[in-house]
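Convention: sequence-line order gives letters A, B, ...; per-chain numbering from 1.
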There are 2 protein chains.
Amino acid sequence: MSHTLGIRQAQKQKTRQALLDAALGLLEEQSLSSLGLREVTRAVGVAPTAFYRHFRSTADLGVALVEEALGSLHPMIRTTVSSAGDSDQRIERAVGLIAHHVETHPAHVRFIARERHGGVQSVRQAIQDQLARFTEEVKAALAKDPVSEGWNDDDLRMLAHLYVDQMLMTASLFLDALEAPEEERRRVVQVATRQMRLISIGREHWLD
Amino acid sequence: MSHTLGIRQAQKQKTRQALLDAALGLLEEQSLSSLGLREVTRAVGVAPTAFYRHFRSTADLGVALVEEALGSLHPMIRTTVSSAGDSDQRIERAVGLIAHHVETHPAHVRFIARERHGGVQSVRQAIQDQLARFTEEVKAALAKDPVSEGWNDDDLRMLAHLYVDQMLMTASLFLDALEAPEEERRRVVQVATRQMRLISIGREHWLD
DNA sequence: AATTCCAGAGAACAGTTGTTAACTGCATGG
DNA sequence: CCATGCAGTTAACAACTGTTCTCTGGAATT
């Protein structure tokens, strides 16, 4: 692999990325279903027809954005759920990781939160597929945890589902508090931490 | 109150409602930020300019839809959280109420789920305001429950928040499974029930 | 060095959009 | 019964949309 691709394909990928970036920017103040192809090309500074060299439609571009936003997130998931430390330490680290990711990729997070239930079917589907993969990975990680001894498959899946949803909820909360005073951001940390702690407690007593 | 309003204002409210209904229908396949005013009036069968007699913009119409979708939901909230029965019975009833509401008002539920993180600021704000009211009501109901004895204000609020979010998550799940085979719908009931049960268990052991 | 390929430009299309202004007809209040 | 108010109509506007076809310059291939 890593075949140094010619200056031709390199330039193509460059404009393609520029289109993705511009779209992501424009999507901070609207939904994908109202994003126009001309709007995107205008923001990049290329002719409208150039768009078709890279995407069939804005919906197609949306699907590409889903992969950009979620595809590279799988490694993080693993370190979030599994690994060492007692319960409180793991929770603290998970919340910290989420907060950090929202701070470094706010537009991506906003895009996912917005389009997860958004008006474009194919994009909704792409997000659901990725989240389903996340859920499976979390479930696999949970299965290895000694706390989950004796849990059946359905219960593991419902807990994984709960964790993934909770992650997104927390990320969305951080997003809304991004430009808020630090006081409120700490309240978000507090709420998220306590919610995860409550879930954790429920988990420990599940088999009673 | 209840002053039988003249046939003039009656007709006005009628077209206003027709605009709201038509918009709600159109919003099943797109987001509010891409909903055109002409699109709505065309669906109703009135002139585009008639729109301005009722709403400043489609965003304004969206805010009205929020109140229609969530405003009448407050009484239900109360019966969902509080009232009699042991833990499992209350959960079963809550999940049933949510499922029923999704079946009878699917478009409203879809609208809220979609626009909660959608591209129109004022509508997002309106939804957040209503949800904050819900959270306060749930918190008040929780405070009266003997299980919550000894809980401080912050913990009550975080639990109320968790319940409200869980309610929306569940509603969204039911929505996606609306036209799916009954088998999958029962799986949704199962997952939602177990998640609430886990939360309930965590709640009982919170003060350990 | 000659040829093919292709990312992007340019122009034109039919259709759409939000908003304005001036109007019409009918229910309302004096 | 007559004058006023106002929901909804009609017509027109400039601006915008997605998509098509044709063209061009320079990289890639032979």
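- When the P atom of C:dC6 is taken as reference, atom NZ of A:Lys14 falls 22 Å away, rounded to whole Å.
- The nucleotide whose nearest atom lies closest to any side-chain atom of A:Ala50 is, among C:dG8, D:dA7, D:dG8, C:dG8.
- B:Arg53 has its CZ atom 17 Å from the P atom of C:dC26, to the nearest Å.
- The base of D:dT10 is paired with the side chain of B:Thr49 by a donor and an acceptor separated by under 3.5 Å.
- For the pair B:Tyr52 OH and C:dT17 P, the computed distance is 12 Å after rounding to whole Å.
- Closest approach to the B:Val46 side chain among D:dT9, C:dT17, D:dA7 is made by D:dT9 (side chain taken as heavy atoms from C-beta onward).
- As rounded to whole Å, 11 Å separates atom P of D:dA28 from atom CD of A:Gln11.
- Look at CZ on A:Arg38: it is 12 Å from C1' on C:dA14, rounded to the nearest Å.
- Look at CZ on A:Arg16: it is 12 Å from P on C:dG8, rounded to the nearest Å.
- Across all strands, A:Arg42 comes closer than 4.0 Å only to sugar-phosphate atoms, never to a base (heavy-atom distances).
- Side-chain contact between B:Trp206 and B:Leu159 is absent, with no heavy-atom pair separated by less than 4.5 Å.
- Nearest-nucleotide mapping onto DNA chain C: of B:Gln9 and B:Leu35, the residue sitting toward the 5' end is B:Leu35.
- One N or O donor and one acceptor, one from the side chain of B:Arg8 and one from the base of D:dC6, sit under 3.5 Å apart.
- Between A:Leu37 atom CG and D:dT20 atom P the separation is 11 Å, expressed in whole Å.
- Regarding B:Leu61, its CG atom lies at a distance of 15 Å from the C1' atom of C:dG18, rounded to whole Å.
- The side-chain hydrogen bond (donor to acceptor under 3.5 Å, both in side chains) with B:Asp176 is formed by just one residue from the set A:His117, A:Arg124, A:Gln128; it is A:Gln128.
- Ring geometry for A:Phe55 versus A:Phe51: interplanar angle of 30 to 60°, hence tilted.
- The residue A:Thr15 sits close only to the backbone: its heavy atoms come under 4.0 Å of sugar-phosphate atoms, none of a base.
- One finds no salt bridge joining B:Arg187 and B:Glu183 here, because no Lys/Arg side-chain nitrogen approaches an Asp/Glu carboxylate oxygen to under 4.0 Å.
- For the residue pair B:Gln195 / B:Gln190, no side-chain donor-acceptor distance below 3.5 Å is found, with atom types taken as modelled.
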